[in-house]
2 protein chains.
Amino acid sequence: MSRKRWRTVKEIRIADVARLAGVSTATVSRVLANPDMVRSKTHDLVMDAVRRSGYTPNSVARNLRTRRTMTVLVVVPNLANPVFAQILRGIDDELTQSGYGLVIGNLDNCTEREARYVDLVRSRQVDGILLMTGRLPGDGTRHMGEAGLPIVAMCAAIPDGRIPNVVVQDREASRAAVHHLASLGHKRLGYISGPLGNVIEGERFAGFLEGLADAGLGQQDFVRWEGRFIFAAGVSAAENFLRLKNRPTGIFATCDESAIGFLKTVRANGVRVPEDVSIVGFDGIEFADYTEPTLTTFRQPLHELGRAGGHVLLNMMRGEMRPEDWNVRLPLTLLARDTTGPVSAGVRRRRMSEA
Amino acid sequence: MSRKRWRTVKEIRIADVARLAGVSTATVSRVLANPDMVRSKTHDLVMDAVRRSGYTPNSVARNLRTRRTMTVLVVVPNLANPVFAQILRGIDDELTQSGYGLVIGNLDNCTEREARYVDLVRSRQVDGILLMTGRLPGDGTRHMGEAGLPIVAMCAAIPDGRIPNVVVQDREASRAAVHHLASLGHKRLGYISGPLGNVIEGERFAGFLEGLADAGLGQQDFVRWEGRFIFAAGVSAAENFLRLKNRPTGIFATCDESAIGFLKTVRANGVRVPEDVSIVGFDGIEFADYTEPTLTTFRQPLHELGRAGGHVLLNMMRGEMRPEDWNVRLPLTLLARDTTGPVSAGVRRRRMSEA
DNA sequence: CCTAAAGATGTAATCGATTACAAAGTCGAT
DNA sequence: ATCGACTTTGTAATCGATTACATCTTTAGG
């Protein structure tokens with residue numbers, strides 16, 4: 001029961017270093033921040049004192065005075081989704097290069113948690129914000145905007161306002177997914193959505209519809225299952241699929257987790273992939289290469305996306321924003337693997353006899 | 001090219017609120033921090049001024065004065081590993097309940113990055129540390145310790161020093177894994193390790209050896225492959241496995257990723273699971289339930305682990321640490337699924353004729 | 001009604017850095 | 001040696017809150 005045993009290490013202030021070096025605190029501060037503003041002899045004197053005392057500046061004090069924290073907030077919908085972990089790496093790489101740190105705001109798919117991070121912003125603890133929440137600007141997002149800080153929207157092209165968007169080409173990729181399936185002869189499709197109301201989901205569904213139109217297919221030629229970017233969504237979609245008389249032969253899931261849940265569930269019920277049904281995922285997570293058969297999917301340039309987002313935010317924070325940098329839309333790559341194949345003769349025959 | 005358009009929102013200071021309410025800044029501060037220290041009439045007066053002005057305290061200033069940031073640092077080896085995302089949720093739940101925020105230090109399996117977070121600690125930006133780096137106390141860890149802050153070691157029972165350990169029963173679970181395989185008749189085992197030098201890996205290997213001893217098996221009865229808690233480790237272990245004349249029949253991988261990499265690779269080469277080889281993983285990640293066949297593994301109580309770690313740290317920060325709370329070791333749960341089965345007659349026969 | 005104790009509020013010091021401004025030092029040209 | 005221009009350093013204000021201490025009010029007890 002030892003109270004207050006912590007923080008017993010003596011705190012060294014800039015004044016201590018100044019005394020040790022025989023100069024003023026201003027000089028110490030300058031040595032550390034603008035080394036070429038002081039005579040090199042003084043510089044060495046001070047650096048020696050810094051070393052001997054083991055001084056590290058108190059950045060809370062510095063932040064107060066400079067009114068900057070060199071920290072940015074990254075709001076993530078769900079850290080358990082490996083997609084975000086990858087994007088974070090990209091952001092981190094870009095920001096630390098410029099001396100910025102990042103604090104991660106994990107919403108855990110739970111809207112109310114946004115409030116917590118609004119506080120972080122309003123209380124001046126961060127210099128900028130990277131928003132990956134896919135919802136339309138809600139209360140939380142709006143409040144953050146009101147703080148007047150630089151914001152970059154990632155994973156969600158917010159049309160309104162002057163917030164730059166750094167995103168992937170969701171719409172184009174979805175369209176390409178339909179094209180991929182259609183070119184293999186699939187005419188009846190299944191669509192496993194993301195959370196309704198999510199901006200990304202909107203983009204992907206729009207692309208899906210565009211793809212249908214390209215292929216000369218219409219609204220009556222597909223089934224839509226509602227999902228939430230998780231395994232379970234694919235499982236329940238599959239359960240419904242199994243009960244259908246007139247099953248789709250090509251499935252497009254807007255995330256790999258759902259695709260894998262679907263894949264696993266239909267196979268457990270005797271459906272062959274890709275002979276009976278083809279599946280295309282979205283994201284290109286590592287695990288998609290370890291399913292059986294390996295999942296056909298679109299790989300997001302996650303690391304690059306993170307870097308791009310960080311880069312734009314840095315520019316904004318430096319006030320060096322140029323219009324041509326405002327919006328970035330990175331392309332995805334089709335990984336054509338083993339869950340997609342041509343419509344089999346069997347399926348064609350059965351469907352014909354039904355007609 | 002608009003410089004300095006940001007941070008244009010007028011900053012409201014506590015002095016503004018004080019003026020608006022006709023009281024002193026001290027009173028405003030007290031209303032916000034110790035509401036029952038002021039007369040209720042004054043309280044209302046001030047709160048009204050706060051609301052009208054939209055005031056939010058500048059927490060940088062507060063942190064400087066109070067010498068606390070209400071923030072803790074969580075050092076994670078690799079955010080891309082979903083295991084850590086889950087633990088983080090537990091930590092977050094526990095800490096935010098007490099008003100603490102957390103900053104995540106992602107090492108990305110890269111030791112040098114530790115330095116970055118040492119700075120964070122030394123510059124007084126956090127009040128406590130949760131260490132999940134599995135290495136033995138190295139430079140970084142030591143430096144953090146020197147700052148005199150409360151530290152809790154998770155995922156790594158650091159024997160030296162007075163740092164509490166909040167961990168899972170790695171050793172016992174590994175031992176149980178061997179027992180599980182041995183009870184199915186497996187006598188020749190394969191072990192896919194974590195990174196050598198990692199504390200957790202040490203525990204798990206020790207448990208593995210204990211399990212061998214329990215089963216009356218010795219050092220000559222197993223093959224050890226070096227891994228790094230990633231898919232690829234399982235793949236290369238499998239590639240080696242396939243070249244062996246005298247193959248193990250039971251594999252224990254110290255993480256699910258490796259187990260899955262192994263599973264996928266041997267099956268792609270015609271090896272049947274569990275008929276030809278049984279596989280046990282470790283962690284219980286969600287994916288492990290989506291492989292084919294589903295992976296037998298040990299589930300870590302990740303959320304509980306996170307909560308426990310946060311709880312101990314909170315106690316330390318409050319100076320309310322009692323010895324009996326210092327070390328926590330949570331049990332794992334065997335999820336006996338489909339990658340493990342009895343040694344098949346075929347394998348037994350073949351091995352006999354070899355003898 | 002008076003006094004002491006308790007309660008509420010205000011004044012000003014404080015946390016530890018950065019930086020505007022002033023002062024002192026350096027140097028070369030005259 | 002003197003002047004000005006430039007470089008280097010020091011002094012003290014500042015960032016925006018919290019809080020020790022002083023002061024003023026209220027309450028309770030006699």
Side-chain angles (χ1 to χ4, degrees), chain A residues 7 9-47 49-50 53-71 99 119-120 122-125 127 147, chain B residues 7 9-47 49-50 53-71 99 119-120 122-125 127 147:
Chain A
R7 180 67 86 194
V9 178
K10 187 176 155 246
E11 307 257 330
I12 297 127
R13 301 183 324 290
I14 197 172
D16 300 321
V17 178
R19 198 173 321 115
L20 208 61
V23 298
S24 72
T25 63
T27 301
V28 176
S29 177
R30 282 190 276 252
V31 168
L32 264 30
N34 307 69
D36 36 345
M37 219 174 136
V38 300
R39 231 177 15 197
S40 81
K41 195 186 141 206
T42 323
H43 174 271
D44 297 347
L45 214 62
V46 169
M47 284 313 287
V50 166
S53 61
Y55 170 69
T56 306
N58 179 324
S59 44
V60 175
R62 168 187 299 161
N63 293 345
L64 175 59
R65 176 62 226 236
T66 61
R67 303 160 115 332
R68 289 183 311 163
T69 60
M70 297 302 279
T71 298
D119 265 3
L120 212 67
R122 308 212 336 145
S123 63
R124 322 299 139 74
Q125 298 202 88
D127 295 344
Chain B
R7 179 68 85 194
V9 178
K10 187 176 155 248
E11 306 257 331
I12 297 125
R13 301 184 322 292
I14 197 173
D16 300 321
V17 178
R19 198 173 323 114
L20 207 62
V23 300
S24 73
T25 63
T27 300
V28 176
S29 177
R30 282 191 276 253
V31 167
L32 264 29
N34 308 68
D36 34 346
M37 219 176 134
V38 300
R39 233 178 13 201
S40 81
K41 193 184 143 209
T42 322
H43 175 271
D44 297 347
L45 214 62
V46 169
M47 285 313 287
V50 166
S53 61
Y55 170 68
T56 306
N58 179 324
S59 44
V60 176
R62 167 186 299 161
N63 294 345
L64 176 59
R65 176 62 225 232
T66 61
R67 302 164 126 296
R68 290 183 312 161
T69 59
M70 298 301 280
T71 298
D119 266 4
L120 211 68
R122 308 213 334 145
S123 63
R124 322 297 138 74
Q125 298 201 89
D127 295 344

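Within every chain, numbering begins at 1; the chains are lettered A, B, ... in the order of the sequence lines, protein sequences first and strands thereafter. These numbers come from a predicted model, not from an experiment.
A:V60 places none of its side-chain heavy atoms less than 4.5 Å from the side chain of A:L64. Within the 4.5 Å cutoff, the side chain of A:S53 has no heavy atoms near those of the A:D16 side chain. Counting heavy atoms from C-beta outward, A:N58 and B:Q125 have side chains that stay 4.5 Å or more apart.
The distance from atom NE2 of B:H43 to atom P of C:dT9 is 11 Å, rounded to the nearest whole Å. In this structure, B:Q125 places its CD atom 15 Å from C1' of C:dC15, rounding to the nearest Å. Rounded to whole Å, atom P of D:dT14 lies 21 Å from atom CZ of A:R68. Between the CG atom of B:N58 and the P atom of D:dT14 there is a distance of 17 Å, rounded to whole Å. Between the CD atom of A:E11 and the P atom of C:dT14 there is a distance of 18 Å, rounded to whole Å. Between the CG atom of B:N34 and the C1' atom of C:dG10 there is a distance of 16 Å, rounded to whole Å. Atoms CG (A:L64) and P (D:dT14) sit 14 Å apart, rounded to a whole Å. The distance between atom CZ of A:R30 and atom P of D:dT11, rounded to the nearest whole Å, is 11 Å.
Between A:R122 and B:Y55, the shortest heavy-atom distance links the atoms NH2-O, 4.2 Å.
Between C:dT18, C:dT11, D:dT9, one nucleotide has an atom nearer to the side chain of A:R39 than all others, and that is D:dT9. Minimum atom distance to the side chain of B:T66 is reached by D:dT19, of the listed D:dG16, C:dT19, D:dT19. Here the side chain of B:Y55 is nearest to one of D:dG10, C:dA17, D:dA17, namely D:dA17. Comparing D:dA17, C:dA8, D:dT18 by their nearest atom to the side chain of B:T25 picks out D:dT18. Distance from the side chain of A:V23 is smallest for D:dG10 among the nucleotides D:dG10, C:dT11, D:dA17. Which of C:dT18, D:dA17, D:dT9 sits closest to the side chain of B:R13 comes down to D:dA17. The side chain of B:T42 lies closest to C:dT9 when the candidates are C:dT9, C:dT11, D:dT11.
Residue A:S29 is classed as a base contact, given a heavy-atom separation below 4.0 Å to a base. Residue contacts shown for A:V60 are absent, as no nucleic acid heavy atom lies under 4.0 Å away. Across all strands shown, A:S59 has no heavy atoms under 4.0 Å from either base or sugar-phosphate atoms.
Between the side chain of B:R67 and the base of C:dG16, no donor-acceptor pair of N or O atoms lies under 3.5 Å. A donor-acceptor contact under 3.5 Å is not formed by the side chain of B:R65 with the base of C:dG16.
Mapping A:P57 and B:T27 onto DNA chain C by nearest heavy atom places B:T27 closer to the 5' end of the strand. Comparing A:D36 and B:I12 against DNA chain D, the residue whose closest nucleotide sits nearer the 5' end is A:D36.
Once rounded to the nearest 0.5 Å, the distance linking CG of A:N63 with OG1 of B:T69 reads 11.0 Å. To the nearest 0.5 Å, atom OG1 of residue A:T42 and atom CE of residue A:M37 are 12.5 Å apart.
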